Amino acid sequence: MYTQALNTAETTRGTPEDAERLARFQARVDAEERIEPNDWMPEAYRRTLVRQISQHAHSEIVGMLPEGNWITRAPSLRRKAALLAKVQDEGGHGLYLYAAAETLGTSREELVDQLLSGRAKYSSIFNYPTLTWADIGAIGWLVDGAAIMNQIPLCRCSYGPYARAMIRVCKEESFHQRQGYEIMLTLCRGTPEQKAMAQDALNRWWWPCLMMFGPPDTESQHSDQSTRWKIKRFSNDELRQRFIDATVPQAHYLGLTPPDPALHQDAATGHWRHGPIDWQEFRDVLAGHGPCNRERLEARRAAHADGAWVRAAAAAHAEKRRARDAALAA
Ligand code: BYC
């Protein structure tokens, strides 16, 4: 339905009416009004949102895998319960986000198909392995910490369904970040071996976390337009800097050192300045050559195949209800 409405709008591209509609749309965005699913929107705005929201949804779903790997090996019942809840939260975030993308006229099946066929992107961070229990602490502290930094501004995104979904997601991410930091704190106050494990996890996750924010501003393709549409409120580099400024003192409190010999605090501004990021590694991971890309997609494909009977049962149930309702209405 929405797609049809949008296609009709697109066919008038270039006419004075279309220019006026575009100007009205931009004025609404500038006035901080929320754009809702039934409102007119430029096709490029719709496509940008479907791209970003679906990549975000895929990231949540694939993001369940590295941590899911440790549910059976969590060191205590309490740790296991918290990790299980966290991974379930991520599944829930994926579902909200797919639902938000569906309000833009795409179907869940289409989006899942894009992920499983390898055509869709998901966050680079989830292509790294979780080798020790400390990685679960590091993911909560750093990956969820980076996600919060990126997602709090998305609560003010111009597209209503995405912005509203982000409010609950951010509340849950904030609990995830705290539980991760608490795991790190426990390890850092433990034996020298446990502290070394925490440092090793920080060494492996630090740089990939900085890459989560996306390419440097000079290379970001979508930032300018997304900022004009108030989908993005801050640039990739601005959010990366905020994350570093918040996280370096937390690392120091743990007695850990980020693996960057060039990291230093700018005396004039107080900002922590980082050394060069290996953007070639980022490009390789995006091109499918990260340490776990293949494993992640295989796991998702297997999960999808294993769930085929659930989809078939749900479809049969829905069909039965439809037939019963039709019989009652007749
Ligand atoms: N990984 O022009 P740019 C989470 C792509 S947190 C992979 O700057 P944009 C979670 C980008 O998509 C992680 N791809 O793009 C946390 C674009 O490719 P296409 C998910 C990346 O959109 C804890 C190209 O590079 N969070 O889920 O303006 C536990 C050029 O980039 C990455 C979100 O998705 C990357 N790191 O800005 C469990 C938040 N970075 O589409 C789960 C919402 C960039 O042209 N997304 N690319 O082929 C965003 O805020 C923005 O999309 C980004 C990129 C900041 C990620």
Side-chain angles (χ1 to χ4, degrees), residues 44 47-68 83 85-94 96-98 100-101 114-115 118-128 130 135-136 138-157 159 162-163 165-166 169-170 172-177 179-180 205 207-240 242-243 277 279 281-288 290 293 296:
R47 273 200 309 268
T48 293
L49 282 166
V50 171
R51 177 184 66 77
Q52 176 164 329
I53 299 173
S54 62
Q55 285 176 6
H56 194 165
H58 301 325
S59 303
E60 297 282 356
I61 298 297
V62 177
M64 297 168 77
L65 297 170
E67 291 171 290
L83 183 59
K86 178 182 193 291
V87 173
Q88 284 176 342
D89 285 350
E90 281 151 13
H93 298 172
Y96 299 150
L97 288 162
Y98 283 130
Q114 286 171 9
L115 173 66
R119 280 176 290 139
K121 285 198 173 83
Y122 58 86
S123 182
S124 50
I125 194 72
F126 299 117
N127 292 305
Y128 291 86
T130 41
D135 289 13
I136 300 305
I139 290 183
W141 170 36
L142 301 171
V143 176
D144 286 88
I148 294 169
M149 205 51 95
N150 167 274
Q151 286 166 200
I152 294 270
L154 291 174
C155 297
R156 293 188 293 125
C157 162
Y159 188 58
Y162 191 27
M166 279 301 112
V169 170
C170 284
E172 293 178 348
E173 301 287 29
S174 139
F175 155 70
H176 299 167
Q177 199 268 353
Q179 71 83 39
W205 290 93
W207 292 108
C209 280
L210 299 192
M211 295 173 196
M212 276 178 76
F213 295 91
D217 292 354
T218 47
E219 289 168 32
S220 168
Q221 304 155 37
H222 305 292
S223 277
D224 289 350
Q225 185 56 67
S226 290
T227 304
R228 269 195 294 280
W229 280 331
K230 297 193 192 286
I231 295 171
K232 271 175 124 159
R233 299 277 175 167
F234 299 99
S235 76
N236 299 355
D237 285 337
E238 280 169 341
L239 290 174
R240 196 172 0 257
R242 282 179 180 216
F243 171 75
I277 295 176
W279 290 112
E281 174 179 324
F282 175 73
R283 285 189 286 272
D284 289 345
V285 173
L286 259 58
N293 293 58
R296 298 292 181 242

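Note that the coordinates shown come from a computational prediction; the quantities given were computed from them, not determined experimentally. Below, all heavy atoms of this structure are taken into account, side chains as well, without hydrogens, waters or symmetry copies. We count ligands from 1, going down the list as the structure has it; atoms in each ligand are counted the same way.
- Of all protein heavy atoms, the one lying nearest to atom 10 (C) of ligand 1 is Phe126 CZ, 3.5 Å.
- For atom 1 (N) of ligand 1, the closest heavy atom belonging to the protein is Ser124 N, 2.9 Å.
- For Tyr122, every heavy-atom contact with ligand 1 shorter than 4.0 Å involves the backbone, none the side chain.
- Between Asp89 and Lys86 no salt bridge is recorded (no basic side-chain N to carboxylate O distance below 4.0 Å).
- Only the side chain of Lys232 comes within 4.0 Å of ligand 1, counting heavy atoms alone; its backbone N, CA, C and O stay farther away.
- A donor-acceptor pair under 3.5 Å is absent between the side-chain atoms of Arg156 and the main chain of Arg233, judged by distance alone.
- Nearest-residue assignment for atom 31 (O) of ligand 1 (options Ser220, Gly214, Ser123, Pro215; heavy-atom criterion): Pro215.
- For the ligand labelled ligand 1, residue Phe234 lies outside the 4.0 Å heavy-atom shell.
- Across His58, Arg240, Glu60, heavy-atom proximity to atom 42 (C) of ligand 1 is greatest for Glu60.
- Put simply, the side chain of Phe126 does not reach to within 4.5 Å of the side chain of Leu65, judged on heavy atoms.
- Scanning the protein for heavy atoms near atom 32 (C) of ligand 1, the closest one is Phe282 CZ, 3.6 Å.
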task = Decide yes or no on side-chain contact (heavy atoms from CB on, under 4.5 Å) for Leu115 and Val62, but give the supporting numbers first.
result = CA-CA 10 Å; Leu115 173 66; Val62 177; 4.2 Å; yes
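- Because its NZ or CZ atom is both nearer than 6.0 Å to the ring centre of Phe234 and within 45° of the ring axis, Arg242 counts as a cation-pi partner of that residue.
- With 3.5 Å as the limit, one finds a donor-acceptor pair spanning the side chains of His56 and Gln151.
- Remark: side-chain polar atoms of Arg296 are paired, donor with acceptor, to backbone N or O of Tyr128 under 3.5 angstrom.
- Using a 4.0 Å cut-off to heavy atoms of Ala147, the atoms of ligand 1 that qualify are 6 (S), 16 (C).
- Of all protein heavy atoms, the one lying nearest to atom 23 (C) of ligand 1 is Asp144 OD2, 3.4 Å.
- Formation of a donor-acceptor pair under 3.5 Å by the Asn293 side chain with backbone atoms of Val285 is found in this model.
- Heavy atoms of His56 found under 4.0 angstrom from ligand 1 belong to the backbone as well as the side chain.
- Here the protein heavy atom with the shortest distance to atom 12 (O) of ligand 1 is Gln55 OE1, 2.7 Å.
- Counting heavy atoms under 4.0 Å from ligand 1, residue Asn150 touches it through the side chain alone.
- Per-residue contacts place Gln221 under 4.0 angstrom from the following atoms of ligand 1 (heavy atoms of the residue considered): 2 (O), 30 (C), 45 (O).
- In this structure, Trp229 and Leu49 have side chains that are not in contact, with every pair of non-hydrogen atoms separated by 4.5 Å or more.
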inquiry  = Glu173 vs His176, test: side chain to side chain donor-acceptor pair (under 3.5 Å). Steps then yes/no.
reply    = CA-CA 5 Å; Glu173 301 287 29; His176 299 167; 3.1 Å; yes
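- No side-chain N or O of His58 forms a donor-acceptor pair with one of Gln55 less than 3.5 Å apart.
- With a 4.0 Å heavy-atom cut-off, ligand 1 is reached by the side chain of Asn236 but not by its N, CA, C or O.
- Proximity annotation for atom 20 (C) of ligand 1: of Ser59, Gly180, Gly290, Ser59 comes nearest, heavy atoms only.
- Ligand-side atoms of ligand 1 in range of Met212: 6 (S), 36 (N), range being under 4.0 angstrom from any heavy atom.
- When heavy-atom distances to ligand 1 are checked against a 4.0 Å cut-off, His222 comes that close through both its backbone and its side chain.
- Contact annotation: the side chain of Leu97 approaches that of Tyr162 to within less than 4.5 Å [non-hydrogen atoms, C-beta and beyond].
- Within ligand 1, counting atoms from 1 as listed, the ones closer than 4.0 Å to a heavy atom of Met211 are 36 (N).
- Between Phe243 and Asn150 the shortest side-chain heavy-atom distance does not fall below 4.5 Å.
- By the criterion of a heavy-atom distance under 4.0 Å, the side chain of Lys121, and not its backbone, is placed next to ligand 1.
- Only side-chain heavy atoms of Leu286 come within less than 4.0 Å of ligand 1; its backbone N, CA, C and O stay farther off.
- Distance screen at 4.0 Å: atom 53 (C) of ligand 1 has no protein heavy-atom neighbour inside the cut-off.
- The contact set between ligand 1 and Phe213, taken as ligand atoms under 4.0 Å from a residue heavy atom, comprises 55 (C).
- Set against the non-hydrogen atoms of Tyr162, the atoms of ligand 1 under 4.0 Å away are 43 (C).
- Put simply, no part of Ser226 is less than 4.0 Å from ligand 1, judged by heavy atoms.
- For atom 49 (C) of ligand 1, the closest non-hydrogen atom of the protein is Gln52 NE2, 3.5 Å.
- Counting only distance, with no hydrogens or angles, the side chain of Glu238 and the backbone of Ser235 share a donor-acceptor pair below 3.5 Å.
- Distance alone, capped at 3.5 Å, places no donor-acceptor pair between the Ser226 side chain and the Ser223 backbone.
- Checked by distance only, ligand 1 and Glu173 stay at 3.5 Å or farther apart across all their nitrogen or oxygen atoms.
- Closest to atom 29 (C) of ligand 1 among all protein heavy atoms lies Glu90 OE2, 3.2 Å.
- The closest donor-acceptor contact from the side chain of Asp144 to the backbone of Ser174 lies at 3.5 Å or more, if one exists at all.
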